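Notes follow the structure.
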Amino acid sequence: DFETSMTWILMLITIEGSMFYMSVVDAYPTAESCMRERAEGVIRLGEPIMNYQLICIPTDQLGDNT
């Protein structure tokens, strides 16, 4: 099953001046849990979403160690 074989990585991308930064926030077992944390992150970081973005990326490269 596609969904159960995926790990979802929440990534934060920020822009400061001419520099771009990317960092892993955490890994989640489902898209829903990743998107919930993304929504919480937007609340913490503030709106409008300017100079940053939080994205959930599915991967099958991490195995079951989430």
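All values below come from the heavy atoms of this structure, side chains included, with hydrogens, waters and symmetry mates left out. Everything numeric in this text was worked out from a predicted model, so none of it was measured.
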Within the 4.5 Å heavy-atom criterion, are [X] and [Y] side-chain neighbours or not?
{"X": "I9", "Y": "L62", "result": "yes"}
{"X": "M11", "Y": "V24", "result": "yes"}
{"X": "V42", "Y": "E47", "result": "yes"}
{"X": "T14", "Y": "N51", "result": "no"}

Please report the interatomic distance [atom1]([X]) to [atom2]([Y]), rounded to the nearest 0.5 Å.
{"X": "C34", "Y": "M6", "atom1": "SG", "atom2": "CE", "answer": "13.0 Å"}
{"X": "I13", "Y": "Q53", "atom1": "CD1", "atom2": "CD", "answer": "7.5 Å"}
{"X": "D26", "Y": "R38", "atom1": "CG", "atom2": "CZ", "answer": "16.0 Å"}
{"X": "L45", "Y": "L12", "atom1": "CG", "atom2": "CG", "answer": "6.0 Å"}
{"X": "L54", "Y": "R44", "atom1": "CG", "atom2": "CZ", "answer": "8.5 Å"}

With a 3.5 Å distance limit and no angle check, can you tell me whether Y52 reaches the backbone of G46 through a side-chain donor-acceptor pair? yes
Identify the heavy atoms of W8 and T30 that sit nearest to each other, and give their distance.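 Reported closest heavy-atom pair: CD1-C, 3.4 Å.
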If hydrophobic clusters are built by linking Ile, Leu, Val, Met, Phe, Trp and Tyr wherever their side-chain heavy atoms come under 4.5 Å apart, do V25 and I49 end up in the same one? yes
